[in-house]
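Here's the structure, in structure tokens; my notes come after.
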Amino acid sequence: MAQKPSIPKGTRDFAPSEVQKRNYIFDIVRKRFETFGFQPIETPSFENSETLMGKYGDEGDRLIFKILNSGDFLSKVDEGTYEAKNFSLITPRISEKALRYDLTVPFARYVVMHQNEIDFPFKRYQIQPVWRADRPQKGRFREFYQCDADVVGANSLLQEVELVQLYDAVFTDLKLEGVTIKLNNRKILSGIAEVIGAQDLLIDFTVALDKLDKIGVDGVKKEMKERGLTDEAISKVEPLFHLSGSNIEQLNALDTLLKESEIGSKGVDELRFIIESVADSGLKSAILSIDVTLARGLNYYTGAILEVAAPSGVKMGSIGGGGRYDDLTGIFGLKDVSGVGISFGLDRIYLVLEELGLFPEAIDQSLQVLCLNFGEKESLRALKLINQLRDAGIKADIYPSDTKIQKQFKYANNRNVPYVILIGEQELENGEFVVKNMTQGSQETHLLSNPDNFIQSLQLN
RNA sequence: GUGGUUGUAGCUCAGCUGGUUAGAGCGCUUGAUUGUGGUUCAAGAGGUCGCCGGUUCGAACCCGGUCUUCCACCCCA
């Protein structure tokens, strides 16, 4: 070993117990997706560059991992382009494929390609890794999993209501209580921009507004001014900074503020419908809260905007997000197909569950029973018993070599095995096996000819 | 992409203004215990001080570069 091996920045290895915990989250999310009627699809880990480029804004393009062409890719670049040393000109000539940046755009591509085979409305879910050439931080990786559920071909706001309930159902099943589902609407943001006379500065206006909880009222005002909003416009937005109270109170305030904007009023109506419908059936553990400062994914969201914040006290970026996009497939030539979807950030949810100690205790119990090895004759008989246990669905194994019993016990202890079986010379002679309960230290003897009582006691757990 | 931060034993971390042989706890190995772990006691193994270069009589420590970690921007799950 000349030098220590390493893995690329922002990537991770997963140890057995980590994989178990990740699968625990996957299983709950997948089960919930399916009980809500979503069907699974998968798409390639890399796409043609033109499928991805330009779909996430300039910032997004920068963060897309490009794949170098195979072979002598430089020979295909003409001298002029090469000499110009212009990054954006050369890139498309030497890279024609790129790693998936999210699951939504590949899904839109999928819908367009398979539109004749799909029965609309189409509810699909997808759990796959995505890659971003971002600078890593806590809970921010260059390779991470997204778990997406989207509905295409249904305009009804009932979908938004269902997606809020889906978030609630998943986080309830994960025992993660007190997550906040923040809700906003692109139309409301457009309406506000209209009312204050800053339609052209919608993005600048919302990006600044989005920072309210981070940099405060004065910081936002300053940034808005820097981004070109007039003092008059800023003073008109003032009421938004102090929007508080219940969801209904906020809705009423927005109603007043936006009564002169057609699009804004429509946004308020939509928001009201979702809020009231969700309230009607209630949420099990999540909190639904209007947040007009929420302004993510503006490049394609057209209606509802959703974001999930971890329970207060946990320092973590959003653990989920989503929204309504009226024309996502339009960029691939299929018009008038509305979509709405949500995404779960598995890797961040993992960190939150870990921090709060919410994983089930027995999750890294990879073995229920370990049989110690006392030698060839004993271990061959033990293997028969172990196979009986395995056929009964019990995770059972036999120590492969007859090293010192002390060492074998220590191994069982380190692996968190709750039951150890001993079949030594004496037991073999008597046709018995001894079961040691590792948590209590107690031992009991069973007949090799009748392991059923022991098997049943394990299955009860 | 910009600015900052971190890296010492398998793990968590000490290590003074640069000074000789770099330490602790946990873990590991061996023994007390030839059929009993998790407790205890004793002994032992384990380190190119992230990597490359520079300054110096002398570098874990100072300087430059690079990789990595985390943080703030940007953006985002």
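Keep in mind that this is a model prediction, so the values were computed, not measured. All chains are named by letter (A, B, ...) in the order of the sequence lines, taking the proteins before the strands, and each is independently numbered beginning at 1.
- A:Asn453 places no side-chain N or O within 3.5 Å of a backbone atom of A:His446 that could act as its donor or acceptor partner.
- Within 4.0 Å (heavy atoms only), A:Glu425 reaches at least one base atom of the nucleic acid.
- Per the geometry, CZ belonging to A:Phe171 stands 13 Å off P belonging to B:rA77, to the nearest Å.
- Not a single donor-acceptor pair, N or O on each side, falls under 3.5 Å between the base of B:rG35 and the side chain of A:Gln443.
- Rounded to an integer number of Å, the gap from CZ of A:Arg142 to P of B:rC67 is 11 Å.
- With both ends at atom P, the span from B:rU68 to B:rC62 equals 22 Å, rounded to whole Å.
- Proximity of A:Lys214 to the phosphate of B:rC73: a side-chain N or O atom is located under 4.0 Å from OP1 or OP2.
- Defined by atom type and a distance below 3.5 Å, a donor-acceptor pair is missing between the side-chain atoms of A:Tyr301 and A:Asn184.
- Searching all strands for a Watson-Crick or G-U wobble partner of B:rG25 with both distances below 3.5 Å returns B:rC11.
- In this structure, A:Phe374 atom CZ and B:rU36 atom P are separated by 9 Å, rounded to whole Å.
- Summarising the geometry, the separation between CZ on A:Arg135 and P on B:rU68 is reported as 10 Å, rounded to the nearest angstrom.
- Here the separation of B:rG64 from B:rC28, taken at their C1' atoms, is 39 Å to the nearest Å.
- A:Gly10 comes within 4.0 angstrom of sugar-phosphate atoms only, judged by non-hydrogen atoms across all strands, and of no base.
- Closest to the side chain of A:Ser318, out of B:rA77, B:rC74, B:rU2, is B:rA77.
- Closest to the side chain of A:Lys404, from the set B:rG31, B:rU36, B:rA77, is B:rG31.
- Taking atom P on both nucleotides, B:rC67 is separated from B:rC52 by 15 Å, rounded to a whole Å.
- Nucleotides B:rG50 and B:rC61 place their P atoms 8 Å apart, quoted to the nearest Å.
- Neither OP1 nor OP2 of B:rC76 sits under 4.0 Å from any side-chain N or O of A:Lys138.
- Residue A:Gly57 is out of contact with every strand shown, counting any heavy-atom pair closer than 4.0 Å.
- Contact annotation for A:Ser6: no contact, since no heavy-atom pair falls under 4.0 Å across all strands.
- Residues A:Glu34 and A:Tyr125 have side chains that bring a donor and an acceptor to within less than 3.5 angstrom of each other.
- Spacing between B:rA60 and B:rG1 at atom C1', rounded to whole Å, works out to 33 Å.
- Base engagement by A:Glu59 is indicated by at least one non-hydrogen atom pair under 4.0 Å involving a base atom.
- The residue A:Phe141 sits close to a base: some heavy atom pair falls under 4.0 Å.
- Counted by atom type alone, A:Thr43 and A:Gln126 present one or more donor-acceptor pairs between their side chains at under 3.5 Å.
- As rounded to the nearest Å, B:rG37 and B:rG47 have C1' atoms that lie 31 Å from one another.
- Base pairing of B:rU5 is not made with any nucleotide, judged by Watson-Crick or G-U wobble geometry with both donor-acceptor distances under 3.5 Å.
- Counting only distance, with no hydrogens or angles, the side chain of A:Ser95 and the backbone of A:Thr91 share no donor-acceptor pair below 3.5 Å.
- Regarding A:Lys410, its NZ atom lies at a distance of 12 Å from the C1' atom of B:rG31, rounded to whole Å.
- Taking the side chain of A:Val207 as heavy atoms from C-beta on, and the options B:rC75, B:rA77, B:rU36, the nearest nucleotide is B:rC75.
- The closest donor-acceptor contact from the side chain of A:Asp134 to the backbone of A:Pro136 lies at 3.5 Å or more, if one exists at all.
- Within the 4.0 angstrom heavy-atom criterion, base atoms lie near A:Gln426.
- Listed nucleotides: B:rA77, B:rU68, B:rA72. Nearest to the side chain of A:Lys9: B:rU68.
- When distances run from any side-chain atom of A:Gln137 to the nucleotides B:rA72, B:rG35, B:rG1, the shortest one goes to B:rA72.
- Projected onto RNA chain B by closest heavy-atom contact, A:Gly317 and A:Ala133 fall at different nucleotides, the more 5' of which corresponds to A:Ala133.
- Atom CD1 in A:Ile64 sits about 13 Å away from atom P in B:rC76, given to the nearest Å.
- Between A:Asp347 and A:Arg140, no side-chain nitrogen of the basic residue sits less than 4.0 Å from a carboxylate oxygen of the acidic one, so the salt-bridge criterion is not met.
- Using a 4.0 Å heavy-atom cutoff across all strands shown, A:Glu378 reaches no nucleic acid atom at all.
- Taking 4.0 angstrom as the limit, A:Lys436 places none of its side-chain polar atoms (N or O) nearer than this to OP1 or OP2 of B:rU36.
- Closest to the side chain of A:Phe144, out of B:rA77, B:rC75, B:rC73, is B:rA77.
- Nucleic acid contact for A:Gly424: base, since at least one base atom lies under 4.0 Å from a heavy atom of the residue.
- A:Gln406 has a side-chain polar atom (N or O) that falls below the 4.0 Å cut-off from OP1 or OP2 of B:rG37.
- Using the Watson-Crick or G-U wobble rule with both distances under 3.5 Å, B:rU39 pairs with nothing in any strand shown.
- Computed from coordinates, the A:Ile405 CD1 to B:rU33 P distance equals 17 Å when rounded to whole Å.
- The separation of B:rA59 from B:rC41, taken at their P atoms, amounts to 41 Å, rounded to a whole angstrom.
- Across all strands shown, A:Asn414 has heavy atoms under 4.0 Å from sugar-phosphate atoms exclusively, and none from any base.
- Of the possible donor and acceptor atoms, none in the side chain of A:Arg100 sits under 3.5 Å from a partner among the backbone N and O of A:Glu47.
- Within 4.0 Å of A:Leu372, counting heavy atoms only, lies no atom of the nucleic acid at all.
- Base contact: A:Gly441 has a heavy atom under 4.0 Å from a base atom.
- A heavy-atom distance below 4.5 Å is found between the side chains of A:Arg324 and A:Asp326.
- One atom, CG of A:Asp61, and another, C1' of B:rC74, lie 15 Å apart when rounded to the nearest Å.
- In this structure, the nucleotide among B:rC71, B:rC74, B:rG38 sitting nearest to the side chain of A:Asn413 is B:rG38.
- The residue among A:Arg348 and A:Lys211 whose nearest nucleotide of RNA chain B lies closer to the 5′ end is A:Lys211.
- To the nearest whole angstrom, the two C1' atoms, one in B:rC71 and one in B:rU56, are 35 Å apart.
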